[in-house]
Number of protein chains: 4
Amino acid sequence: MSDDASPSRAADRTQAILRTTVELAQEVGYAKLSIEGVAARTGVGKHTIYRRWPSKGALFLDAVLTPSEPGLDYPDTGDIVADLRRQICAAVDLLGRPPLGPLYRALVGEAQHNPAVAAALNERFIRPQADKTVARLRRAQQQGQLSADLDLDVAMDILSGPLYFRFLITQEPLSHEYVERVLDALLAGMRPTP
Amino acid sequence: MSDDASPSRAADRTQAILRTTVELAQEVGYAKLSIEGVAARTGVGKHTIYRRWPSKGALFLDAVLTPSEPGLDYPDTGDIVADLRRQICAAVDLLGRPPLGPLYRALVGEAQHNPAVAAALNERFIRPQADKTVARLRRAQQQGQLSADLDLDVAMDILSGPLYFRFLITQEPLSHEYVERVLDALLAGMRPTP
Amino acid sequence: MSDDASPSRAADRTQAILRTTVELAQEVGYAKLSIEGVAARTGVGKHTIYRRWPSKGALFLDAVLTPSEPGLDYPDTGDIVADLRRQICAAVDLLGRPPLGPLYRALVGEAQHNPAVAAALNERFIRPQADKTVARLRRAQQQGQLSADLDLDVAMDILSGPLYFRFLITQEPLSHEYVERVLDALLAGMRPTP
Amino acid sequence: MSDDASPSRAADRTQAILRTTVELAQEVGYAKLSIEGVAARTGVGKHTIYRRWPSKGALFLDAVLTPSEPGLDYPDTGDIVADLRRQICAAVDLLGRPPLGPLYRALVGEAQHNPAVAAALNERFIRPQADKTVARLRRAQQQGQLSADLDLDVAMDILSGPLYFRFLITQEPLSHEYVERVLDALLAGMRPTP
DNA sequence: ATGTAAGCGAGACGGTACGTCGTGTCTTAGA
DNA sequence: TCTAAGACACGACGTACCGTCTCGCTTACAT
């Protein structure tokens, strides 16, 4: 008697809870987010949340990642430098600024206290992105656009790391101009040119 | 009544509280650390803690940074690559592994939720280290050991970032060998050598 | 499809639920008894219980009274004192000690909070017993074995009351010897014999 | 700095909580009384209640008994029958009708589920009253106003029991006329007068 | 040397949230 | 059609900390 348009009560509720979680987190911040509050605002019993997620961290992870998961697909225009620039700027625009930025920052913060969140963050978001990046880098390397000596796993870290450092540690804003400067430095290398 | 050997009751108490905080954090983790617990274990009234620190985060920051503050002085042997390697390895050994590693990780995590902690972490630890690093890099650049084009502020980020990325995000262990690979990649640059 | 040997699925289930209720109440006490628990232990849906009884109290009343209802028939040997002694001792033995005693005590306790239970307890158990008692007392009075002045309704209360008082209020054990002492006092009266 | 008129914060709060408990119990009944509700209405943290009483039953016992404890003093006019009548009627008027009646009924009900409440009820209320009653009966017996054979401990039970039976079991109202009828029956005895 | 204040331990207090349990209603799938 | 299973909104449980507050007691300073 139920048609495709109303797939299941359970999924409806799950979505509603995730939406409220994002809303509330944006209003009061992750630290003051509470399962009690999410339940009340969604009009849902606390148990309905605990049945789905074991902790505030797990709920928050789902709430932040679910909408952006199919988000950052990798371009391949043939020009690795342009593609990296495009991809990194997209990531910075999505995760490095409001509205998602503060939530993503809080999510990474939570991962430092909660190993389950750290693991899930890696598996659901970081590793897939890294794999795509490494694959793209490998193609570029094979085409001679990157140094044959370049250690591709490390390349992933040196491309992401500086931005995460600025995002999490010094907490200065992330501009496209900054991305450019990082890319320039990485491409050229630190050693004096002969 | 107080002599040099017991400089001040207040300082004694402060030290005792900081010691307990580290102890307790190592035992139960930052998430389950509580001011109530620190007070009880130290044998101190809660007020005595609140009089000194405004929040658990601030207390924890002091507890983690106080002992390691006079820690990572920069060497200058004349060889910038050797000095960087030495310095980064020292930092990794101190902050990247037990016993201090988990505490430092939690501290950075807390900084994501608490702007005051983020600011204090930067001012008391990150910025001073960065300044020393940049100064050392500048000398090397002037001596021709680094590319004249190198953007020194960015250099600081690309040296630290990859290690923080691995420490905070993928949470894989930090070995000296990994430091070496990062340095190699950064020095050589990603572009193919002509 | 159902024959005499399996009178009805419904009745079977009802009996099973009542049995579990008694079992569980004996194990954990009435206060910790729950419909949820009874359903789980019986292997029955909660609805199947709610369809039959409106509340825990009503279920418990049925569970306690059903087996003992056809219990306390009144003897008439011609000797009213002997009959009262026999009857009261039987009641005390059945309801005043384990295994049924604690359940009956809890049932009366529940009746203090739940008027429906109080009413049902009276109608299904107390009043029928009282009617039989009064009838027996009336015969005895007509035969001259009891004072012609005796107020028979009150007689019922003064025979039962002291035992209930001891059972519910002072919660001291009920022995046959105690029954004897009560009967002696009631028969003789408190006034000095002239 | 504090004078006799403001004895202590603690006692103030205790009294406020007990008052609210009685109020709330009268409004919603014992079954729906909750520690949460009492705390909210009193404007007090739940812990402040749990610090003082281990359970709803214990709190309720205090709330009901505290005001009426110094309540039912025994008269001695020299006429035991008149004194019993006076005393029993006073008890019936206080505990057998609103406002206290329903609370006392609920208290006795709770005692059936909670041994601690049963014990406290006995020690703080029932036994002291019983002791006074027995003492008064003993004087009357020595003066020849009661049968020399009367078993005084049992006398206590047969005086109280019928009223408790009516109060708790049949739950009919308790009138002075009923008290009279019980006393008449008990004084005269059930045996036919020769 | 003696007030007098400041710091202190202890812990009560009003709150908020926790994670769990049971209620009574409702839905779903299977017999 | 009735059932078992269990999701659901709700409300209360009893616990844990929060940050504030009052208590006496002990230091240590200023008179």
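Everything numeric in this text was worked out from a predicted model, so none of it was measured. Naming: A, B, ... by sequence-line order, numbering from 1 per chain.
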[N] [atom2] sits how many Å from [X] [atom1], rounded?
X        : N      : atom1 : atom2 : value
C:Arg41  : F:dA5  : CZ    : P     : 15 Å
B:Lys32  : F:dT15 : NZ    : C1'   : 14 Å
B:His113 : F:dC18 : NE2   : C1'   : 17 Å
C:Ile35  : F:dA4  : CD1   : P     : 15 Å
B:Ile49  : F:dC18 : CD1   : C1'   : 13 Å
C:Ile17  : F:dA4  : CD1   : C1'   : 12 Å
D:Trp53  : E:dA12 : CH2   : C1'   : 14 Å
C:Tyr50  : F:dA7  : OH    : P     : 16 Å

Below 4.0 angstrom from OP1 or OP2 of [N], is there any side-chain N or O of [X]?
X       : N     : value
C:Arg13 : F:dC2 : no
A:Thr48 : F:dA9 : yes
A:Arg52 : F:dC8 : yes
A:Arg51 : F:dG6 : no

Ring geometry between C:Phe125 and C:Tyr104 (parallel below 30°, tilted from 30 to 60°, perpendicular above 60°):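 Ring orientation, 0 to 90° scale: perpendicular.
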
B:Thr21, B:Ile35, B:Leu61, B:Leu18 screened by side chain to side chain contact (heavy atoms under 4.5 Å, CB included) with B:Trp53, the one that passes: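 Of the listed residues B:Thr21, B:Ile35, B:Leu61, B:Leu18, the side chain to side chain contact (heavy atoms under 4.5 Å, CB included) partner of B:Trp53 is B:Leu18.
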
Residue closer to the 5' end of DNA chain E, A:Ser34 versus D:Gly45 (nearest nucleotide):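 The residue closer to the strand's 5' end, by nearest nucleotide, is D:Gly45.
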
Most 5' of C:Leu33 and A:Gly37 on DNA chain E, judged by nearest nucleotide: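 Its nearest nucleotide lies further toward 5', so the answer is A:Gly37.
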
Cationic N near anionic O, under 4.0 Å, C:Glu36 to C:Lys56: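 No, C:Glu36 and C:Lys56 are not salt-bridged.
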
Sidechain N-carboxylate O distance under 4.0 Å for B:Arg41, B:Glu23: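 Yes, B:Arg41 and B:Glu23 are salt-bridged.
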
5' precedence on DNA chain F between B:Lys56 and C:Ala40 (nearest-nucleotide basis):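 The 5'-side residue here is C:Ala40.
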
5'-most by nearest nucleotide on DNA chain F - C:Lys46 or B:Ser55: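 Nearest nucleotide further toward 5': that of C:Lys46.
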
Side chain of B:Glu36 (C-beta onward), nearest among E:dT23, E:dT20, F:dC17: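 Nucleotide nearest to B:Glu36's side chain: F:dC17.
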
Closest nucleotide among F:dC17, E:dC18, F:dA9 to the A:Val44 side chain: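 Output: F:dA9.
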
Pair of N/O donor and acceptor under 3.5 Å linking E:dC13 base with D:His47 side chain: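 It does not, because no donor-acceptor pair links the side chain of D:His47 to the base of E:dC13 below 3.5 Å.
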
Residue pair C:Thr14 / C:Arg52, side-chain donor-acceptor N/O under 3.5 Å: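 Yes, because at least one side-chain N or O of C:Thr14 sits under 3.5 Å from a partner of the opposite role on C:Arg52.
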
